[in-house]
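FYI, the numbering just counts along the sequence from 1.
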Amino acid sequence: PNELIYLTDPDIEITSQSLTPLLTAHQEELLTTDFHPVVGFGGKVRQRSNNSFLNQTFLLLERIARHFPFAFQIQNHRKTLLVDHLPACHLLLRRSVALKIGGFSYEQARCGEDTDFTHRAYNQNYRFVYLPHSEVLHWQNLSVFAWYAKVYDFGRAQIQVQRKNFEQGLRLYRLLPLSFI
């Protein structure tokens with residue numbers, strides 16, 4: 001019971017169908033591949049909003065994410081994959097490995113803590129398992145201005161995280177939120 005940590009946000013809609021695939025993958029000991037040990041498991045985070053403009057924007061980003069992994073919590077792969085980043089709003093971590101990597105940094109306490117963690121995991125050769133059939137809804141019931149402000153803050157955090165964790169090179173797709181500035 002102390003080996004696993006499940007991270008989520010208060011505005012995430014979770015079902016048993018969301019968690020079962022993560023627990024099953026962990027129990028099947030899908031913990032290492034030929035080249036990379038695994039630190040955690042996550043799945044699709046579908047962004048939704050009662051604001052129709054934002055909801056349409058999220059649906060468009062979801063379609064684009066079939067081809068490009070977005071840094072701002074949108075991945076839409078069709079099969080189970082090893083990935084270098086998963087958002088902390090739907091993430092099952094192996095506690096011992098997460099602590100070995102250094103856990104979440106206090107330097108990024110407001111925004112970007114999961115990105116900083118995943119950069120450090122990547123630099124230490126760890127990966128995450130993305131399970132497309134483990135899905136949650138992330139309700140972003142914000143005004144358009146508040147959402148842009150959130151994306152702006154996240155883009156600024158991305159710059160700090162990239163600067164601090166440059167060992168394995170720059171991953172340009174992680175800077176996509178800056179295009180909203």
ask   = Would a hydrophobic clustering, with Ile, Leu, Val, Met, Phe, Trp and Tyr connected at side-chain separations under 4.5 Å, put Leu59 with Val136?
value = no
N/O donor-acceptor pair under 3.5 Å between Arg127 side chain and Leu81 backbone = no
request  = Given side chain to side chain contact (heavy atoms under 4.5 Å, CB included), test Leu23 with Leu4 step by step and report yes or no.
outcome  = CA-CA 9 Å; Leu23 292 168; Leu4 301 175; 3.9 Å; yes
Inter-residue atom distance Phe117.CZ - Leu7.CG, 0.5 Å rounding = 8.5 Å
request  = Examine the side chains of Thr118 and Thr115 and answer whether a donor and an acceptor come within less than 3.5 Å of each other.
outcome  = no
query = For Ala146 and Leu142, which heavy atoms make the closest approach, and how far apart are they?
reply = CB-CB, 4.0 Å
query = Could you walk me through whether Val129 and Thr80 pass the side chain to side chain contact (heavy atoms under 4.5 Å, CB included) check?
reply = CA-CA 7 Å; Val129 177; Thr80 300; 3.8 Å; yes
note = What one should report as the nearest heavy-atom pair of Glu3 and Ser96 is OE2-OG, 3.2 Å
inquiry  = Can you tell me how far apart CG (Asp84) and NE2 (His36) are? Round to the nearest 0.5 Å.
reply    = 10.0 Å
note = What one should report as the nearest heavy-atom pair of Val38 and Arg94 is O-NH1, 2.7 Å
ask   = Is a side-chain donor or acceptor of Thr8 paired with a backbone partner of Cys89 at a separation under 3.5 angstrom?
value = yes
request  = Could you verify whether a donor N or O on one side chain and an acceptor N or O on the other, from Gln140 and Lys150, lie under 3.5 Å apart?
outcome  = yes
query = Atom CZ in Phe104, atom CG in Asp116: separation rounded to 0.5 Å?
reply = 9.0 Å
task = Determine the minimum heavy-atom distance between Leu91 and Pro87, stating which atoms define it.
result = CB-O, 3.6 Å
ask   = Is Leu99 reachable from Val97 through a run of I, L, V, M, F, W or Y residues, each pair having side-chain heavy atoms under 4.5 Å apart?
value = no
task = Check the pair Val39 / Gln124 against side chain to side chain contact (heavy atoms under 4.5 Å, CB included), numbers first and verdict last.
result = CA-CA 11 Å; Val39 64; Gln124 294 178 39; over 6 Å; no
request  = Carefully, step by step, assess Gln47 and Leu61 under the rule side chain to side chain contact (heavy atoms under 4.5 Å, CB included).
outcome  = CA-CA 9 Å; Gln47 310 288 327; Leu61 293 175; over 6 Å; no
query = In this structure, which one of Glu13, Glu62, Glu135 forms a salt bridge (Lys or Arg N to Asp or Glu O under 4.0 Å) with Arg48?
reply = Glu62
key: Pairwise distance OG(Ser49) to NE2(His138) - rounded to 0.5 angstrom   = 10.5 Å
Lys44 side chain reached by Tyr130 side chain, heavy atoms, under 4.5 Å = yes
task = May I ask you to check whether Phe53 and Trp147 place their ring centres under 6.0 Å from each other?
result = no
query = How many angstroms lie between CG in Leu54 and CG in Asn141, if you round to the nearest 0.5 Å?
reply = 9.0 Å
task = Could you tell me the separation between the CD1 atom of Ile101 and the OH atom of Tyr122, rounded to the nearest 0.5 Å?
result = 14.0 Å
Closest contact, heavy atoms only, Pro132 versus His77 = CB-O, 3.5 Å
request  = List the atom of Leu86, the atom of Gly42, and the distance in Å for their closest heavy-atom pair.
outcome  = CD1-N, 3.4 Å
query = When clusters are formed from ILVMFWY side-chain contacts under 4.5 Å, directly or step by step, what else is grouped with Trp139?
reply = Leu137
